[in-house]
*Asks:* 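The structure under discussion is supplied below as structure tokens; questions concerning it will follow.
Here is the naming used below: chain letters follow the sequence lines, and residue numbers restart at 1 for every chain. Reckoned from all heavy atoms, side chains included, excluding hydrogens, waters and symmetry mates.
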There are 2 protein chains.
Amino acid sequence: MRSENKPSGQKNRKGRSFIEQARRAQIIDAAIATIADVGFANASLARIAERAGISKGVISYHFAGKDELVQKVVDQIYTDVADSVVAEITEWTEAPTATAVLRTHILTVAAYMRDHREHLKALSEIFTGFRDPDGRSRYGVQSSDPIYDSLEAVYRTGQERGEFRPFDTRVMAVSQQAAIDHMFAYWENHPEHDLDAYARELADLFEHATRAIPPGS
Amino acid sequence: MRSENKPSGQKNRKGRSFIEQARRAQIIDAAIATIADVGFANASLARIAERAGISKGVISYHFAGKDELVQKVVDQIYTDVADSVVAEITEWTEAPTATAVLRTHILTVAAYMRDHREHLKALSEIFTGFRDPDGRSRYGVQSSDPIYDSLEAVYRTGQERGEFRPFDTRVMAVSQQAAIDHMFAYWENHPEHDLDAYARELADLFEHATRAIPPGS
DNA sequence: CTAAATTCTGGCCATGCGGTCAGAAAATAA
DNA sequence: TTATTTTCTGACCGCATGGCCAGAATTTAG
């Protein structure tokens, strides 16, 4: 079962075979570990296969190519993060303020990365190192557009409620996402830094940046 | 004159020969144009030489290697930017507020890039694509540390004067630099966006994020 | 048990890179 | 002009990669 049949749909008549699922999961795990360990640039198919204890050709057999494998790695981590954030939010019983939503967004993602450093490392390696054949980054700024949209929706809610001052929501979204990304990048270079404290400070920063100007000002 | 003698000092007894200076400048210019045009990944020595109308070996003759060439490209653009910022600041006649310094920093750099798009493109290509043999980024987060230090000095001044609220200066510095970087990245992907307007909005953002809380709040 | 399909192996290949080199060409010195 | 130094050319090398494939091994079907 080569994986070229997937483009015609999620799965053919039957799902992937047992061994196929197991192998794919194993290879994805090995890819995450390898990328986090030696960096994306050195994570050749040969190295990933070596870590998985299989032959290089097996990866080509189960995945259309390195591109699909890396894509699946990102998908898996994203799903993991989203689950974590959703779990946090569903504990809320009443409608939160826009400020609380933004704060929780920052703190929850930071908490996840604090507990999944390998995932963070793999993700950042892929984001900075994964290129298409022309050398363009596969996860450049444009790939953040959906995130920007989500953030902007929250901003507009806050502005309509009078929680937030008027500001350009796109600039705020790009800046906030950039600040979060660099928080992680900074943490990778300064592992001794308290990530949770950083995240709280960052939440404060954007609370001040967004909130409505008090009348007596 | 191979360039390996440079490590022993800036110049030997005499400076570089006439033709040497001209060639180096020409090659650096060709490198900037090539990197901005085809991206760092596709800017091979062969391509750069082709654009300069010379043979590939000439680059190896005048530069120790690709590393030195790229380094010189970055140096030249940095010098250019710094000159531009300094020219702006020396027009001031009186001591500025910390708020004004930060705003000018953002607006001036943005103005420079608005007028030197090719330089911006080359810089961002190098920052994201230039790796050492192990695949680690040569201009990663750690290379921003000097910038962080400068920003933090301004923050502390503002805090001591009561202009700014108390906050973690390192977090603020990382976030501001991240926001500026992504402003340019966003602009590269959305050239129709008014960069000056974006920069003003960003200055507002950090003005609100840093300023002291008004008493009646 | 035999046949067929699936899964795996390990070597091979084309590609493009940065760097090197012997010798040609050009500039400079004598 | 001739000798010497500087500068340039274009071919060549080693290297690592992702992908490919013929055939072996294994599992499943009949």
Side-chain angles (χ1 to χ4, degrees), chain A residues 1-5 12-27 30-31 34-35 38-73 126 129-135 138, chain B residues 1-5 12-27 30-31 34-35 38-73 126 129-135 138:
Chain A
M1 174 191 268
R2 312 290 282 277
S3 89
E4 286 108 10
N5 45 13
N12 269 349
R13 295 177 311 142
K14 307 195 328 183
R16 300 187 184 283
S17 78
F18 215 55
I19 191 164
E20 172 96 6
Q21 285 188 34
R23 270 277 187 256
R24 285 175 64 98
Q26 178 201 15
I27 293 171
T34 305
I35 293 170
V38 304
F40 183 84
N42 298 324
S44 64
L45 292 183
R47 258 201 216 267
I48 294 170
E50 183 186 23
R51 181 173 297 246
I54 57 180
S55 175
K56 191 178 60 154
V58 185
I59 298 180
S60 296
Y61 179 75
H62 289 286
F63 292 89
K66 199 182 189 185
D67 286 14
E68 194 204 347
L69 173 56
V70 176
Q71 182 60 54
K72 287 292 181 296
V73 165
I126 292 171
F130 191 27
R131 308 293 167 115
D132 65 17
D134 287 335
R138 296 232 191 211
Chain B
M1 175 189 270
R2 311 290 284 276
S3 87
E4 285 107 9
N5 46 10
N12 269 349
R13 293 178 312 143
K14 306 196 325 181
R16 300 187 184 283
S17 78
F18 223 52
I19 190 163
E20 171 97 4
Q21 286 187 33
R23 270 276 186 257
R24 284 175 64 97
Q26 177 200 17
I27 292 171
T34 306
I35 293 170
V38 303
F40 183 84
N42 296 326
S44 63
L45 293 183
R47 256 196 215 269
I48 294 171
E50 183 186 21
R51 180 173 299 245
I54 57 179
S55 174
K56 191 176 62 153
V58 185
I59 299 181
S60 296
Y61 179 75
H62 290 285
F63 293 89
K66 198 183 189 185
D67 286 14
E68 194 205 346
L69 172 57
V70 176
Q71 182 59 55
K72 286 296 181 294
V73 165
I126 291 171
F130 191 27
R131 308 293 167 115
D132 65 17
D134 288 335
R138 295 230 192 212

*Asks:* On DNA chain C, check which nucleotide each of B:L45 and A:K56 is closest to and give me the residue with the more 5' one.
*Replies:* A:K56
*Asks:* Taking all non-hydrogen atoms of both residues into account, name the closest pair between B:A30 and B:I48 and its distance.
*Replies:* CB-O, 3.9 Å
*Asks:* Between A:E50 (CD) and D:dG18 (P), how many Å, whole number?
*Replies:*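 Roughly 14 Å, once rounded to whole Å.
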*Asks:* Using whole Å, what does the distance between atom C1' of nucleotide C:dG16 and atom NZ of B:K66 come to?
*Replies:*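 After rounding, the gap between these two atoms is 11 Å.
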*Asks:* Check the distance between C:dG19's C1' and B:E68's CD and give it to me in whole angstrom.
*Replies:* 14 Å
*Asks:* Quick one: which of C:dG18, C:dT7, D:dG10 gets closest to the side chain of B:S44?
*Replies:*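 Output: C:dG18.
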*Asks:* Rounded off to whole Å, could you give me the CG-to-C1' distance for the B:D132 and C:dG18 pair?
*Replies:* 15 Å
*Asks:* With the side chain counted from C-beta on, respond yes when B:R138 and B:V70 share a heavy-atom pair under 4.5 Å apart, and no when they do not.
*Replies:*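 Side-chain contact under 4.5 Å: no.
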*Asks:* For the pair B:R51 and B:T34, evaluate side-chain hydrogen bond (donor to acceptor under 3.5 Å, both in side chains) and give the outcome as yes or no after the intermediate values.
*Replies:* CA-CA 7 Å; B:R51 180 173 299 245; B:T34 306; 3.2 Å; yes
*Asks:* Starting at the 5' end of DNA chain D, which residue's closest nucleotide do you reach first, A:A41 or A:G57?
*Replies:*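 With A:A41 and A:G57 compared, the 5'-side residue is A:A41.
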*Asks:* OP1, OP2 of C:dC8 versus side-chain N and O of A:Y61: anything below 4.0 Å?
*Replies:*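 So the side-chain polar atoms of A:Y61 never come under 4.0 Å of the phosphate oxygens OP1 or OP2 of C:dC8.
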*Asks:* Please determine whether a side-chain nitrogen or oxygen atom of B:R23 lies at a distance below 4.0 Å from atom OP1 or OP2 of D:dC8.
*Replies:*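 Looking at the OP1 and OP2 atoms of D:dC8, one of them is under 4.0 Å from a side-chain N or O of B:R23.
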*Asks:* Measure CD1/B:I27 against C1'/D:dC8 and give the value in whole Å, please.
*Replies:*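 After rounding, the gap between these two atoms is 11 Å.
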*Asks:* On DNA chain D, compare the nucleotides closest to A:A43 and B:G53; which residue's is nearer the 5' end?
*Replies:*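 Upstream on the strand: B:G53.
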*Asks:* Mind running side-chain contact (heavy atoms from CB on, under 4.5 Å) on B:R23 and B:I54 for me, showing each step along the way?
*Replies:* CA-CA 10 Å; B:R23 270 276 186 257; B:I54 57 179; 3.8 Å; yes
*Asks:* Between D:dC8 atom P and B:F63 atom CZ, what is the distance in whole Å?
*Replies:* 12 Å
*Asks:* Measure CD1/B:I59 against C1'/D:dT7 and give the value in whole Å, please.
*Replies:* 14 Å
*Asks:* Can you find a donor-acceptor N/O pair under 3.5 angstrom joining the side chain of B:S60 to the base of C:dG19?
*Replies:*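 Per atom types, no contact qualifies.
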*Asks:* Looking at B:S55 and B:V58, would you say the former's side chain and the latter's main chain have a donor-acceptor pair under 3.5 Å?
*Replies:* no
*Asks:* May I have the distance from A:I54 (atom CD1) to C:dT9 (atom P), rounded to whole angstrom?
*Replies:*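 Result: 7 Å.
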